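What follows is a set of notes on a single structure, which appears directly below.
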There are 2 protein chains.
Amino acid sequence: MSHSNNHVPAIVIGRLPLYLRALTQLASDGRHVTSSQELSEKLGFSSAQIRKDLSYFGEFGKQGTGYEIELLEQALKEILQVHHVWDMALVGAGDLGRALANYNGFEARGFRIACIFDSASSKVGTLINHWRVLPMDALRESVRARKIYLAIIAVPAIAAQQVADELVEGGVRAILNYAPTTLSVPPRVKVFHIDPVAGLQSMTYYL
Amino acid sequence: MSHSNNHVPAIVIGRLPLYLRALTQLASDGRHVTSSQELSEKLGFSSAQIRKDLSYFGEFGKQGTGYEIELLEQALKEILQVHHVWDMALVGAGDLGRALANYNGFEARGFRIACIFDSASSKVGTLINHWRVLPMDALRESVRARKIYLAIIAVPAIAAQQVADELVEGGVRAILNYAPTTLSVPPRVKVFHIDPVAGLQSMTYYL
DNA sequence: CCATGTGAATACATTCACAGCA
DNA sequence: TGCTGTGAATGTATTCACATGG
């Protein structure tokens with residue numbers, strides 16, 4: 001009943017994008033209805049967990065039937081606030097930055113790179129997939145002026161903290177960090193860290 | 001006392017690489033001793049959690065002093081089995097695959113790309129940072145012959161499951177999956193999934 | 001002293017199991 | 001009937017708080 005204000009555990013929020021991804025995939029297969037059971041098999045979470053996670057936000061299913069895919073997809077997009085597209089600043093125009101700039105999977109899922117920054121004067125001014133690379137000293141004011149609240153850090157570890165500081169000063173509220181180092185930011189700023197090597201290392205433990 | 005056989009929670013294993021990363025960083029700053037308190041501040045986990053995590057594997061600290069960095073670093077490398085370097089197969093020679101092939105942060109942390117595969121005949125035979133791209137139909141036998149147990153999937157979502165199947169048939173035991181789709185593999189095979197968009201979506205929830 | 005290592009206590013997350021409704 | 005939504009029960013993880021020993 002009293003949904004949406006009861007404080008939802010962060011671990012639940014972390015699963016919602018996976019539910020959303022699976023639903024979009026089902027929809028693109030032409031499917032219209034699914035069940036917690038089917039999602040369970042596709043995703044590897046228990047059906048009870050999926051039902052309980054969704055119950056934090058409302059009642060989206062029909063007893064005896066399941067979930068209308070399009071409806072649940074839309075509901076999750078609104079919960080996650082990805083029913084509109086977010087502009088992002090990309091910092092770092094190395095190999096990784098270029099791969100991210102060329103990745104065409106962002107838009108359909110709610111994100112768009114709006115500008116690219118790099119500190120190397122050899123890269124500033126060059127074109128990457130229609131963006132002209134901007135100098136780092138324009139970072140703070142650019143993101144502030146353009147009201148950009150999301151950023152991707154794709155610079156070497158050594159430079160990451162300073163970039164994060166400038167992003168925060170520019171008003172950025174969430175950072176996707178590819179640098180293999182922990183960032184220290186004010187509590188209002190969210191950081192999601194991607195470290196492929198850490199992932200590999202936690203798998204080799206089991207081998 | 002009876003360490004190392006008591007079943008360690010996966011969530012603990014997932015934090016060890018972060019402890020290791022922080023220790024390596026401290027060591028490269030010329031430091032020799034640290035404490036759970038200092039690591040706590042650097043990493044954002046509680047000091048009690050760090051101590052408890054480490055206690056699953058042994059007693060590495062000195063009361064009143066803390067941890068000898070070099071020693072703990074070495075211990076964690078052995079626990080995670082990254083005291084030697086693992087060969088990996090990289091599947092997918094698109095922008096992401098090339099970025100991974102050019103990434104020079106693998107070796108120092110226990111990994112090395114040994115071969116690269118792609119299905120596009122336009123890419124097969126080309127050179128990427130000294131590797132010659134091999135055709136997909138050589139995948140299964142190559143990884144088997146070279147005893148490669150780790151692979152990175154960097155292909156479009158649509159192709160990912162089939163690639164995973166062939167890797168598994170070739171004897172691969174752990175997969176780092178960059179394709180935005182859930183893979184189904186036998187229980188003995190570990191999968192670590194990286195989906196930057198899912199990370200972004202779980203942050204926009206809070207904005 | 002000071003910081004570890006660890007049982008005990010607490011907090012959190014998942015699963016169970018079933019009432020309720022299409 | 002079949003599947004959701006959800007309290008209650010169980011299972012995990014984190015934190016507390018302190019005895020221990022350098």
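Per chain, numbering begins at 1; letters A, B, ... match sequence-line order. Because the structure is predicted, anything quoted here is derived from the model rather than measured.
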Check: Which letter, B, S or -, goes with each nucleotide of nucleotides 14-22 of chain D from 5' to 3', with contact meaning a protein heavy atom under 4.0 Å?
Finding: SB-B--BB-
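- A straight line from CD1 of B/Ile50 to P of C/dA3 spans 14 Å, rounded to a whole angstrom.
- Listed by first then second residue, pairs satisfying side-chain hydrogen bond (donor to acceptor under 3.5 Å, both in side chains) with a partner in residues 91-106 of chain B read B/Asp95-B/Arg98, B/Asn102-B/Asn129, not counting sequence neighbours.
- Between the CZ atom of B/Phe57 and the C1' atom of C/dT6 there is a distance of 16 Å, rounded to whole Å.
- Remark: A/Ala89 pairs with A/Cys115, A/Phe117, A/Val143, A/Ile148, A/Ala151 by the side chain to side chain contact (heavy atoms under 4.5 Å, CB included) rule, at least two apart or across chains.
- The interatomic distance linking A/Glu59 (CD) with D/dT6 (C1') rounds to 10 Å, in whole Å.
- Sequence neighbours left out, the pairs with a member in residues 135-156 of chain A that pass side-chain hydrogen bond (donor to acceptor under 3.5 Å, both in side chains) are A/Arg140-A/Glu169.
- Scored by the side chain to side chain contact (heavy atoms under 4.5 Å, CB included) test, A/Gln161 finds A/Ala164, A/Asp165, A/Leu183, A/Ser184 as partners (sequence neighbours excluded).
- With sequence neighbours excluded, the residues satisfying side chain to side chain contact (heavy atoms under 4.5 Å, CB included) with A/Thr34 are A/Leu23, A/Leu26, A/Glu38, A/Leu39, A/Tyr67, A/Ile69.
- Applying the side chain to side chain contact (heavy atoms under 4.5 Å, CB included) rule to A/Ala48 yields the partners A/Ser46, A/Arg51; only residues at least two apart in sequence or on another chain are considered.
- Residues from residues 26-42 of chain A placing a heavy atom under 4.0 Å of any atom in DNA chain D, listed by number, are A/Ser35, A/Ser36.
- Per the geometry, CD1 belonging to B/Ile13 stands 14 Å off C1' belonging to D/dA13, to the nearest Å.
- A salt bridge (Lys or Arg N to Asp or Glu O under 4.0 Å) check over residues 68-77 of chain B, counting only residues at least two apart or in different chains, returns nothing.
- The separation between B/His7 atom NE2 and D/dG11 atom C1' is 13 Å, rounded to whole Å.
- Heavy-atom neighbours of B/Glu78 CD from other residues, nucleotides or ligands within 6.0 Å: above the threshold of 12.
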